[in-house]
**Student:** 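Just dropping this structure here.
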Amino acid sequence: MNHHRKPAQGRAGKVAPARRKRWLWATSGVLCVGVVGLLVFALSRQADPTDSKAEGSPLVSRQDPPGAAITPDGPTLNTPVSETGPREPTPLPVEPTPPPVEPTPLPVEPIPVPPQSSLDALARLFEQPLSIEPLKEEAIAVAVRLTKDFPNCPEPFRLLAGVHKELGNSTEADRWLRRCLELDPQDPAAIDALAQIAFDKAEYQQAAALWRRVVELAPENAGGYSGLGQALVCSGEAEDAIAALGKYLELSPGSSHGHLLLGQQYLQLKDYQKAKSHYEAALAIQPNYFNAYYGLAMASARLGEKEASEQAMEKFRQLKVREMQALKDRDNNFDDLVSLRRSVARTHTRMGRFYSGEADAAEAEALWRRAAFLDAHNVACRVLLAAWHDKSGRKLDALQMHEQLADIEPGNAVHHVNFGILSAEVNRLDAAEQAFRKAAQMAPKRSWGPHYLAKLYFVMDGKLAESRALAQTAVQREPNVYNYLLLSEACDRNGDLEAAMAAVEQAIRLEPANPALQQIRTSLSQRK
């Protein structure tokens, strides 16, 4: 008896006559929608996302092998360490588009369910004209509603503080952060936000004291050490700053700004060789970091390396001209209303995520849809909407969100994989095939494209033989249990039972204690 599952009937009905076989995705998959970059949405922070990147994951296949013990060794959702601390100088970007980021996780503690939310009140807010003042009022009103719905939860007050901070009202932000700390005196995010406010006011010793508290409460928080180091730099405490920044780089070794700051401190302490090493490390990470070229020129000059100093200084001058022009262009193209719409969209995205965790699905969806309307390029709200629609069985709505995501970030293979999976589920097999092919080309080191394309070809007329070659490609790219089981099924479907057995044996070598794999091997052996 074949050990592989039979195709399941799709929700949208039967496949067209040219493709009478059903799509094979089982319903046991989970949504791991994409994050491939940019930054945690931290409304209480103003750090630049120059160093943090995260890789996203496509929707997991709807067909898993028998036995719940098997977990695909496939893409996982990674959330980068949030970069807190003072704003960094913005070097010229290496990549034009930052990757999307998974919004900040919700609190672990249960959240009390609020009273029946008033969608009519939200609707009235959303009907206001799209101008500066009504949008500011909308952002504050939504945040205030959240604090009233969850009066004993600290995070809504931190989110409200973040709204005020984004709108330039540090006094109100300070007030609500302290309310948050009344509810939870050990909330490192609230303390971090207070430290940022102190730093912005040039109260560097107060900021340093607060960031010391942050790293005591969250010793693995790289951003806390970054903020502490920069506050100590501004206080003139070079040796303590070096210690804090060293710890920051241990936790976030890819930070060009961290290396720049350490270079500056070693230059101040006249340790020119160490200064030079850190400037060079900064440039290895961010080749167009013009401030690092200036520091490298200074350190090289102190070391008597005249030619190297002149070369670095010339590079600094060239990049500085480009940077000044980029800033000028940015200022000329700046639109207050567009900027505010993006800010309010971020606010609504976070508020909706909070509601969706414990309380009101309708309110969450309304806020995310409003965010998508306000900002046509907001990735996070569309990721959340896609996940929400998929979870609730609204496949066409989820498909629309993935299509928008692919339009916003056409170079992100994860969006194309997810679009392909949803297209297949609603029997749009040609669209799914095209999407998987794009993903395979865009991510040549990942198995997503060939893996899902192989599964698609199981049910497309005349494509069965190609499925085996694609499964083999998936194994070559990522030799994990999940891909070996795919190869086993492809070989079995093509009538090569011996090769199917060999692929399962490879999977067992990777997970010898997995009973589901043993079951598959037994099933195949009985058919010999």
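This is a predicted model, so every value here is computed, not measured. Below, all heavy atoms of this structure are taken into account, side chains as well, without hydrogens, waters or symmetry copies.
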**Student:** If you count heavy atoms of other groups shown closer than 6.0 angstrom to CD of E172, is the number above 12?
**Tutor:**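 Counting other residues, nucleotides and ligands, CD of E172 exceeds 12 neighbours.
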**Student:** Who are the ring pair (Phe, Tyr, Trp, His ring centres under 6.0 Å) partners of H416, not counting sequence neighbours?
**Tutor:**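 Residues passing ring pair (Phe, Tyr, Trp, His ring centres under 6.0 Å) with H416: none at all.
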**Student:** With a 4.5 Å limit on heavy-atom distance, are the side chains of L167 and L340 in contact?
**Tutor:**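 They are in side-chain contact.
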**Student:** Is the ring pair F150/F354 parallel, tilted or perpendicular, if the boundaries are 30 and 60 degrees?
**Tutor:**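 Taking F354 first and then F150, their aromatic rings stand perpendicular (interplane angle over 60°).
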**Student:** I'd like to check L267 versus M298 (side-chain heavy atoms, cut-off strictly below 4.5 Å). Are they in contact?
**Tutor:**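 Yes, their side chains come closer than 4.5 Å.
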**Student:** Applying side-chain contact (heavy atoms from CB on, under 4.5 Å), run through K274 and I242 and close with a yes or a no.
**Tutor:** CA-CA 12 Å; K274 284 187 178 180; I242 285 173; over 6 Å; no
**Student:** Quickly, which of D192, D200, D174 forms a salt bridge (charged side-chain N to carboxylate O under 4.0 Å, His left out) with K165? Name it, please.
**Tutor:**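 When D192, D200, D174 are each tested with K165, the salt bridge (charged side-chain N to carboxylate O under 4.0 Å, His left out) holds only for D200.
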**Student:** State whether a side-chain donor-acceptor pair under 3.5 Å links N418 with H415.
**Tutor:**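 N418 vs H415: no donor-acceptor pair found between side chains.
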**Student:** What are the two closest non-hydrogen atoms of R341 and L374, and how far apart are they?
**Tutor:**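 Result for this residue pair: NE-O, 3.0 Å.
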**Student:** Looking only at heavy atoms, what is the nearest atom pair of L135 and V344, with distance?
**Tutor:**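 The answer is O-CG2, 3.8 Å.
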**Student:** Would you say S392's side chain and W388's backbone share a donor-acceptor pair under 3.5 angstrom?
**Tutor:**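 Yes, because the side chain of S392 sits within donor-acceptor range (under 3.5 Å) of the backbone of W388.
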**Student:** side-chain contact (heavy atoms from CB on, under 4.5 Å) between W448 and F436: does it pass, once the steps are laid out?
**Tutor:** CA-CA 8 Å; W448 307 332; F436 293 147; over 6 Å; no
**Student:** Would you name the heavy atoms of G223 and N221 that are closest together and state the gap between them?
**Tutor:**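 What the structure gives for the nearest pair is N-OD1, 2.9 Å.
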**Student:** Strictly below 4.0 Å, N to O, side chains only: are R370 and E138 in salt-bridge contact?
**Tutor:**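 So R370 pairs with E138 through a salt bridge.
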**Student:** Do L210 and L228 have side-chain heavy atoms sitting under 4.5 Å apart?
**Tutor:**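 L210 vs L228: side chains apart.
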**Student:** Looking only at side chains, do E478 and S447 share a donor and an acceptor under 3.5 Å apart?
**Tutor:**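 S447 and E478 do have a side-chain donor-acceptor pair below 3.5 Å.
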**Student:** Which pairs with one or both residues in residues 221-247 pass salt bridge (charged side-chain N to carboxylate O under 4.0 Å, His left out), sequence neighbours excluded?
**Tutor:**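 The answer is K247-E250.
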**Student:** Taking it one step at a time, do E166 and S343 satisfy side chain to side chain donor-acceptor pair (under 3.5 Å)?
**Tutor:** CA-CA 7 Å; E166 286 248 330; S343 175; 2.5 Å; yes
**Student:** I'd like to know whether the aromatic ring centres of Y279 and Y293 sit less than 6.0 Å apart in this structure.
**Tutor:**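 No: the rings miss the under 6.0 Å criterion.
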**Student:** Hey, would you say the H451 and Y482 ring centroids sit under 6.0 Å apart?
**Tutor:**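 Ring centroids of H451 and Y482 are less than 6.0 Å from each other.
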**Student:** Which pair of heavy atoms, one from P410 and one from M442, lies closest together, and at what distance?
**Tutor:**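 Distance-wise, the nearest heavy atoms are O-CE, 2.9 Å.
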**Student:** Check whether S235 reaches the backbone of A231 with its side chain - one donor and one acceptor, N or O, closer than 3.5 Å.
**Tutor:**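 Indeed, once roles are kept as given, a pair shorter than 3.5 Å links the two residues.
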**Student:** Decide, yes or no, whether a salt bridge links E182 with R178 under the criterion of side-chain N to carboxylate O below 4.0 Å.
**Tutor:**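 No, no charged N to carboxylate O under 4.0 Å.
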**Student:** Working to the nearest 0.5 Å, report the span between CG of L385 and CG of D390.
**Tutor:**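 Going from CG on L385 over to CG on D390, the span is 12.5 Å.
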**Student:** Within this structure, what is the CG-NE2 distance for the pair L177 and H164, rounded to the nearest 0.5 Å?
**Tutor:**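 Separation between the atoms: 10.5 Å.
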**Student:** Decide side-chain contact (heavy atoms from CB on, under 4.5 Å) for L399 and R428; before the verdict, give the C-alpha distance in whole Å, the side-chain angles of both, and the deciding distance to 0.1 Å.
**Tutor:** CA-CA 11 Å; L399 183 63; R428 297 179 181 179; 3.3 Å; yes
**Student:** Tell me the closest heavy-atom pair linking A238 and L269, and the distance in Å.
**Tutor:**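 In terms of heavy atoms, the two residues are closest at CB-CD2, 4.1 Å.
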**Student:** Run the side-chain contact (heavy atoms from CB on, under 4.5 Å) test against L217 and tell me which residues pass, sequence neighbours left out.
**Tutor:**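 Result, side-chain contact (heavy atoms from CB on, under 4.5 Å) vs L217: Q186, P188, I191, R213.
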**Student:** For the atom pair CG (L181) and CG (L194), what is the distance rounded to the nearest 0.5 Å?
**Tutor:**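 So the gap between those two atoms works out to 6.0 Å.
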**Student:** For Y294, is the OH atom crowded, meaning more than 12 foreign heavy atoms sit under 6.0 Å from it?
**Tutor:**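 For Y294, atom OH is not crowded (no more than 12 foreign heavy atoms under 6.0 Å).
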**Student:** Compare all side-chain heavy atoms of L261 with those of Q265 and state whether any distance is below 4.5 angstrom.
**Tutor:**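 In short, these two side chains do not touch, never coming nearer than 4.5 Å.
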**Student:** Is there side-chain contact between L384 and T349, with heavy atoms separated by less than 4.5 Å?
**Tutor:**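 Yes, side chains in contact.
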**Student:** I would like to know whether L249 and S255 meet side-chain contact (heavy atoms from CB on, under 4.5 Å); could you show each step before the answer?
**Tutor:** CA-CA 7 Å; L249 282 178; S255 172; 4.2 Å; yes
**Student:** Within the 4.5 Å heavy-atom criterion, are M351 and L159 side-chain neighbours or not?
**Tutor:**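 The answer is yes, as the side chains (C-beta and beyond) meet within the 4.5 Å cut-off.
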**Student:** Once you round to the nearest 0.5 Å, how far does SG of C381 lie from CG of D375?
**Tutor:**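 Spacing of SG (C381) from CG (D375) equals 7.0 Å.
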**Student:** With a 4.5 Å cut-off on side-chain heavy atoms, are N169 and T171 touching?
**Tutor:**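 Yes; the side chains approach each other to less than 4.5 Å.
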**Student:** Roughly how far apart are L422 CG and R394 CZ, rounded to 0.5 Å?
**Tutor:**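 With rounding to 0.5 Å, CG (L422) is 13.0 Å from CZ (R394).
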**Student:** What closest approach, in Å, do A190 and C180 show between heavy atoms, and which atom pair accounts for it?
**Tutor:**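 Where A190 meets C180 most closely, the heavy atoms are CB-SG, 3.8 Å.
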**Student:** Is E216 atom CD crowded by more than 12 heavy atoms from other residues, nucleotides or ligands, each under 6.0 Å away?
**Tutor:**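 Above 12, so yes.
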**Student:** For the residue pair D149 and Y355, confirm or rule out a side-chain donor-acceptor distance under 3.5 Å.
**Tutor:**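 Per modelled atom types, D149 and Y355 side chains form a pair under 3.5 Å.
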**Student:** How long is the span from the OG1 atom in T147 to the CZ atom in R158, to the nearest 0.5 Å?
**Tutor:**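 The distance works out to 14.0 Å.
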**Student:** Looking at side-chain heavy atoms only, is the closest gap between E220 and L251 below 4.5 Å?
**Tutor:**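 A side-chain contact under 4.5 Å exists here.
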**Student:** Does R175 make a cation-pi contact with F157 (under 6.0 Å, within 45 degrees of the axis)?
**Tutor:**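 No, a cation-pi geometry is absent between R175 and F157.
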